[in-house]
Structures are given as C-alpha cells and as structure tokens.
Amino acid sequence: MHDKFLKPYNPTDTEDKIYKLWEESGFFNLDNLPGKRSETFTVVLPPPNVTGILHLGHAYEDSLQDAVIRFQRMRGKRVLWIPGTDSAAIATQARVEKNIQKDEGKSRHDLGRDELVKRVRTFAKESENTILGQVRKMGASLDWSRYAYTLDETRTLAVTTAFVNMYNSGLIYQGDRIVNWDPKGQTTISDDEIAYKEEKTKFYYLKYGPFTIGTARPETKFGDKHVVMHPDDERYSEYKHGQKIELEWINGPLTATVIKDSAIDMGFGTGVMTITPWHSAVDFDIAERHKLDKVQIIDKYGKLLEIAGEFYGIKITEARQKIVEKLRAKGLIVKEEEYTHNIATAERTGATIEPQIMKQWWIAVNKPFIIPYSEIPGIESGTETTLKEIMRKAVSSEQVNMPQEGFRNAYFHWIENLHDWCISRQIWFGHRIPVWYKRKSKVESEKLKVGNEEKTKMYVGIEAPKGEGWVQEEDVLDTWFSSGLWTFSTMGWPDITKDLKTFHPTSFMSPAYEILNLWVSRMIMMSGFHLGQVPFRTVMIHGLVRAKDGQKFSKSLNNGIDPIDIINKYGADALRMGLLTGTAIGSDISFDENKIKGYKNFANKLWNITRFILSSTETYKYDPGFSKWTEADKKLVAERDALITEITREMEEYKLYLVAEKLYHYTWHTFADKIVEESKTILGTPPVNEGKGTDSEKSSRAQLLIHTLHIILKTLHPFIPFVTEEIWLTLPHNTEQNLLMVENWPA
RNA sequence: GCGCGAUUAGCUCAGUUGGUAGAGCAGUCCAUUUACACUGGAAAGGUCGGGGGUUCAAGUCCCUCAUCGCGCACCA
C-alpha cells in the first residue's frame, strides 16, 4: 500500500498534479482516445465573458458539463468538448471604461477608438488567462487544442460571413426605426437587455383642444400634433379621421390632426392620446401606419431640443416639474392622479431607456426567405420560411429536445412576441459591421433626422472593397450575434471542416435560464439559417447559484464567493459534488459552504475506504472474472449492480443530482458502514486479528471489496474526478497504470 | 394584464408511470488508542401551503384560493 494513504486525503497536493497528468495524456482530445469508438458526443462550452473572474455559476456549469462529458467518455463515445471565451462586447468595454475613468479620469472619447480597443484587448487577454486557469482548476476535461475566442480570426470570419449571407438573403437590413437608446451607455440595446422597474409617478390629464388626454410624461408632448382615438369609440364619433383642430398647447397655438386607430385602448384614461412617434414604440407604429411625420424631442444625451422652446437644453429628468408648472399656469391641467407603471431601464447601466428613432442594423425575424437546405422537420429545403418559423419548428419537432416543460413554454411564448432584432451597437469593442460607405465619414446626425443622411454608396462584404475613400461602418455587432454562431463557428465554419461534418449538431447544451432567450434561441436561429441544422439535441436549462439566504450574488451586496477560495479550502471535487447534489437541474441552488465541507469529508472517506481495503486484501490477487461468490455476497453484488443500472439510466437522462446522491449514500452508508464493517469479521483487520471466515468466504469477500471499490471509483469519477483518479492510479490492481478517465463505465 | 415555477422535517432540497413520506446539514443520546474524529451506532423530527374534486388509493392528477419568486407584454 502506498504511504500516502497513511495521511488524510489532501486535495491541494493532488488536484493540479492530476490535471497535468490528464492534459499530458492527450485524452482531452478525442483523436487520442483509446479503443474503438463510433458514436460521437459533443458539447460546446458556453463561453465565459472575458470580464474578469469566474463566479460560482460558472463553477456549477463546468461541473455539470464535465460530469456529463466524463460519463460519456467512459461510455466509450467519441467525446468532444470545445472550450472558448466570449469578448462580450458591451460588458467588457464598459468594465474597462469604468476602470480608466476611475484610474485616469478619462473617457473613451479622450482615448479614441484605437487606444480604447487596445486597452480592452489587453484587459480581455489577462482576464482570459485568469478564467482559463479557473476552468482547469475545476477539472474540466476540455479539448484545449480546439480553443476558440469570439474575436479570433476564425470566429471573426464566421461572423462577417454570417452577416454578409444574411444581408444577401434580405434578412439583415438597415433602417430608421425605434430603438432602445441607453443615454448613459450611449448605445442601443436589444429588447432582451431591458429590465423593467416599477415606478410611482403622477398621471396627468391635459386639456388638448376639445379633448382630455392622459400622460405620465408631459415633458415629451411638445410636438404632439396628432390626436388618436379608437374608430369605434362613440364618445368621439363627431370627430373624423384627418380632421384639423386648432388648439392652444404648451408653447402656443397648434393645428392638430385627428387620427383613428384601433391600437387605442378605449378603456384606458379618456380613450384619447396624442402621439410622440420619435420616442415611443407604440406611437411609432401608429405614425408608420398613417404615414405621419415624426419629430425628435429629446437628444442622445437625454436633453430637450429646440422644439421645447424655453425648455431647450434642459435634461429630461429635470424638465417635468417645470413643464407641469407652465401647463398649470396656462390652465391646461385637468387633473392629476397617482400612478404606478413600469419603466424600461438598461440592465447594464441602470439608465432609463429613451426610445429614439435611429438608423440601425436589424435582423428581420418574420420576413420570408427561401432556405436552401434544411434538416428540420416541417421546413423543407428550397421552400419559403422565416427565422421565427425555424426557431419554433426546431423545438416543436423535438429536433431540439427541451425536456423541461416550463422552459419550453417560456421559449415559445418569447418567440410569439419576438420583434426584429437590433444588432448594431454604438461601441468600439466587438465585431465591426462589415459594411463600407463611400464618403468622407459617417454623417454625424446629431439631431437624428430621418432622411438627412448624405447619399452614399454602400458595400457589404467579407473584406474591405478595393479603391479609395471607403470607410467602414462605425458600429459593432451585438455580442449575441457571434454567440449565436458558437456551436459551428467553434468548428471552423464557414469552412466545411471535418469537425463540422462529424460533430454538428452538438449533443448537449446547458445554459442558465437567464440566457434562454438571449442565447439559446439565437443559436437555433443562426444554426437553422446557416446550416439548416439545429445547434444541439438536448437543452437542459439550469438555475442560478445563489447565496445561502437565497439572494443573488452581486457586487452591491458584496456577498460574492470566488470558487478558487472554496477549492483551496475544500478541493475542487468537494465543490463539484456540492454544486451537483441536492437540487434538480433547473432550480436555483442556494450555496452552503457547510455542504461543500461535507463533500470534502466524503473524499476523505473514500480515501480511507481504499486504505482499509488495500490493507485487508493484500494477500488476495484481483480477479476480474471472479464468480465464486458466497450466497451473502451474491446478494450484495446483485444489489450493487441494480443500483449501477439505475444510475446509468439516470445519467443518460441528465439527472446528475439523483446519481450523485445515490452514489454518495451507497458508498458511505452501504459500502463503508455495512459491507466494509462486516468484512472485518470475515477477513480480520491484519495484522492484528485473524478473520473468522472460511477460505472461500474470505476470497469472495476480498473480491467483493476490490470489485466494488473499482466500480465506485468509476461511477464517482464524473463527479469527483481528482480523488478517484488519484486513488485509481495507485491501486495495485491497476497494473497497466491506465487513467481512470478513459476506463469503461461499469454497465 | 398574460404565462411559468415554487410551497414537503429546524435549514437546503429530492421524491420517476398515482401504491406505506426520503437525503444532506443542523440538533439529541450513546460509543472512543476504531480504515477514517474529516468517525461509528441509535433515536427523534412531516395533517407534503389552505380548501374542494377524481380514484380502491393523491405529495403526485383536476379545480380553486393564498403567499413567494421569475419570465413576457404594456396604456398614452
């Protein structure tokens, strides 16, 4: 017996050494896996953002996927797990800008585009190193030879190719439309990056000629010259569509036009409203339908424009009170009510969203196009479909299997409400849109007027066009655009590589529910459009890791936990096991350090079980084909094997939490507490006691202990790979020094 | 407003097609040169959120209410 078993198990001494052994073995790369393997099993790591360090959520995700990967590898499959990181355009740039502002008091405009991008890249690189170190610490058996970064050369080519192809199919277009403008971040954001916050405010009823209109935002009403009501509203039947009405308004007399539109809710307020198409999506739609002109009231910085007259230049947040006073003085306020509504804020900066009409790039989700090739049932190659249809059919046909009913419904519900996706962002770090304009520079349309752009020639292509005077689009793409390509960009697309042909669609994806819409749906969209395939076969949505009291880990609460600290204290095995047990996949986990401590004890228990078995079976040779079990042992073998059959099925159903607990329980309370304990009577505890068993009882029991130890080590390996490998490598029965990670699963 | 999820032991959570309520942690009592104190043994602890229904049988299926959490939409 190895001397090391005389001391308690020490994860810190072991884990880095074992990870190195695994890496050097080459088995993380499926091309080096031993034995005949045909069936593939592929997972692409959800790429962590290069914004700093990993948190427990990543640790959980790594544990989950690595357990699945290790299981499938031991099942004899050709297992590929591709690592990568995400540039996370806005998130990373914002982080770096914040640091620069803090340390040097400079803004991004002080630095300029090139310098800022350089700084962000440096930060991203450091962050990448930290993150990859952490992922290794977790024991993740990733194929590092296939590492991908969303901004590397291959992935950039994938992004530009994807953009160009979608543009050529007419699905990407440039248009003046209402966007969610973040005045703090100075960029557009997508609908999915909005967080709604409840706000108590006043609701004003204003006199607008013969009408009373309701509004919560009187400060936006300067230019409102269309008054809208439902065509069936009998209260206003005397007014005809298109009718002109002279009235007195905030800054003087105004000619208003009556518009009848069925988008109006007759039951809300007075059933009459005026519209501000430049700053409201609903109003914009109404204005589009009736071809009304649109006037900007608020600029990009959230200040009022000239149309506000005496209020010109005032910040919108300060303007309301002043304007209300004027309205009151003019006798235009009919009444005021207390009112609670939700305001849209930018998830990242916390700023209140000011909708604006801006020229942006969009992906049309409802526009029909001919799909050249499709493997998705219900969508035939060469027929007309839409991106929305692809997203729907991929899941409804179960080409993408979403076993969790609730998330599946949420997905469909989201698709129903999906609008065109705004993919351009006014930041500098990210994939610059592959569009070039022939003109001196992009027109700075400070006032954002529709149609005041210079006439320019536009070129859309993978590389810059030849010739003088071409200037590339300033905007970069929404980070989820490149993320959407992730399952196949990581395999070398647009080249039709061997990997792509062999491993796509991938087998399994396990993202947090937070990004079901942001990411999962985009991958399905992109994979469907570009490959005619689904991106993955099974999606298991997982929950969030929360603090013990159920609160979210966050900087403001200062309750963050660095997984590395936990690993240093208890070992990565304990952390993995602690994260994977106790909660079904999909529910939130409340993180309890005590639980992790318990699994550290478990690793030590396993260590001591081994120590006992090695010392008490020293005189017996391991016999893999042993069959002369005593009646009692035969029963124990049968019970054990029934458990293995059961957990194998559950592993295949991704019910890792059940498996981990059952193995824990079997190892500790059946194997150690009962089987090992009663073996003391049979085998004795050498060198002190002689056992009371007969020779056949002794050999049967010795073999039972050794066999079961092997099986326990194998089945626990996906969960606690380090300690099981460390034990396995020093077992005298493992004469060939094979690594446990490529042993066969015992079922 | 629409939808989803949760509600089970003190705490954190499991509970597969309906068939006698489970685990971990904490707590209680006992043991102490034991493979392991990072230990062992024993016991205790639950009208499964409330109410109603289906069924021979309901934690599980249906209806309803309550509380909490989340998602989507949004009314000016």
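Throughout, a chain's letter reflects where its sequence line sits, starting with A, and its residues are numbered from 1.
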Counting distance only, does the side-chain N/O of A/Asp182 pair as donor-acceptor with the main-chain N or O of A/Ala346 below 3.5 Å? no
Could you tell me whether [X] contacts a base, only the sugar-phosphate backbone, or nothing, with contacts defined as non-hydrogen atoms closer than 4.0 Å?
X: A/Ala603; answer: nothing
X: A/Lys600; answer: base
X: A/His279; answer: nothing
X: A/His665; answer: sugar-phosphate
X: A/Leu516; answer: nothing

Regarding A/Arg649 and A/Glu646, does a basic nitrogen lie under 4.0 Å from an acidic carboxylate oxygen? no
Using 4.0 Å as the upper bound for N to carboxylate O, is an ion pair formed by A/Glu288 and A/Lys294?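 Looking at A/Glu288 together with A/Lys294, the answer is yes, because their closest N to O distance falls below 4.0 Å.
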For B/C36, does the base pair up with any side-chain atom of A/Lys605 as donor and acceptor (N or O, under 3.5 Å, distance only)? yes
Return yes if the base of B/A35 and the side-chain atoms of A/Glu677 contain a donor-acceptor N/O pair under 3.5 Å, otherwise no.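 Yes, the side chain and the base share a sub-3.5 Å donor-acceptor pair.
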C1' spacing across the pair B/A26 / B/G10, given as an integer number of angstrom: 8 Å
Pairwise P distance for B/A57 and B/G52, with rounding to whole Å: 16 Å
Who pairs with B/C38 - Watson-Crick or G-U, where each distance is under 3.5 Å: none
If we ignore angles and hydrogens, is there a donor and acceptor under 3.5 Å between the side chains of A/Tyr599 and A/Thr581?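 A pair is found: one side chain offers a donor N or O, the other an acceptor, under 3.5 Å apart.
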With the side chain of A/Asn417 defined as its heavy atoms from C-beta on, choose the nearest nucleotide among B/U16, B/A73, B/C38. B/A73
